[in-house]
Amino acid sequence: MESTDDEDVVIRPQRDEQRGLTTWVLNRGSGPAGATVVKMPITDEARGPGADQLGVHPGKDWFTVLSGTVTLILGERAIRVETGQAAEFSTMIPHAFKAHGGPAEILCVLDHDGQRTHLHPAAVG
């Protein structure tokens, strides 16, 4: 017998209008090892920690630039990532994202630690 409910297959986005984020949780209740996909606008102002206060947390971040150009500040390096390009890095390296030359939008894949840090900064201790 086939189910008429598609909730076991379709992942519905969750919008955070205040922060301009759209998230898709991929773990489906399989525990903390799952991943979260986030569509995130980036402005000229650094998100989260400023360029002078780079964030560090366990795990890895992966993102692709949907529009615009993003400067990934990674330790002492400033790396430009343009529309259609992607980046992956260890989040144990101090890091932050900035837009370059105007607003940008990225699609991130975050592990459990990245989700906690990037989406719930007040929860980080």
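For residues 66-86, the set of pairs meeting the ring pair (Phe, Tyr, Trp, His ring centres under 6.0 Å) definition, not counting sequence neighbours, is empty. Evaluation of the salt bridge (charged side-chain N to carboxylate O under 4.0 Å, His left out) test over residues 81-91, restricted to residues two or more places apart or in two chains, returns Lys60-Glu88.
The closest donor-acceptor contact from the side chain of Ser67 to the backbone of Ala104 lies at 3.5 Å or more, if one exists at all. Checking side-chain atoms of Thr43 against main-chain N and O of Pro103 turns up no donor-acceptor pair under 3.5 Å.
If you take CD1 on Ile42 and CD1 on Ile106, they are separated by 4.0 Å, rounding to the nearest 0.5 Å. Met40 CE to Phe63 CZ: the interatomic distance, rounded to the nearest 0.5 Å, is 10.0 Å. Taking CZ of Phe89 as the reference point, atom CH2 of Trp62 lies at 12.0 Å (rounded to 0.5 Å). Between atom CG of residue Leu54 and atom CD1 of residue Ile93 there is a gap of 11.0 Å, rounded to the nearest 0.5 Å. Between Thr64 atom OG1 and Glu105 atom CD the span is 11.0 Å, to the nearest 0.5 Å. Interatomic distance, CG of Leu107 versus CH2 of Trp24, reported as 6.0 Å (0.5 Å rounding).
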Verdict with reasoning, Asp61 to Leu110, per side-chain contact (heavy atoms from CB on, under 4.5 Å): CA-CA 6 Å; Asp61 273 4; Leu110 305 172; 3.5 Å; yes
Audit row: Asp16, Thr23, side-chain contact (heavy atoms from CB on, under 4.5 Å) steps and yes/no: CA-CA 8 Å; Asp16 179 342; Thr23 60; over 6 Å; no
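Nearest heavy-atom pair across Ala87 and Val81 is CB-CG2, 4.2 Å.
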Using residues 68-80 as the side-chain source, report each donor-acceptor pair under 3.5 Å to any protein atom, sequence neighbours left out, with the distance given to one decimal.
| unit_1 | atom_1 | unit_2 | atom_2 | d |
| --- | --- | --- | --- | --- |
| Arg80 | NE | His100 | ND1 | 3.4 |
| Arg80 | NE | His100 | NE2 | 3.2 |
| Arg80 | NH2 | His100 | NE2 | 3.2 |

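Remark: Thr22 engages Arg15 in a side chain to side chain donor-acceptor pair (under 3.5 Å) (not counting sequence neighbours).
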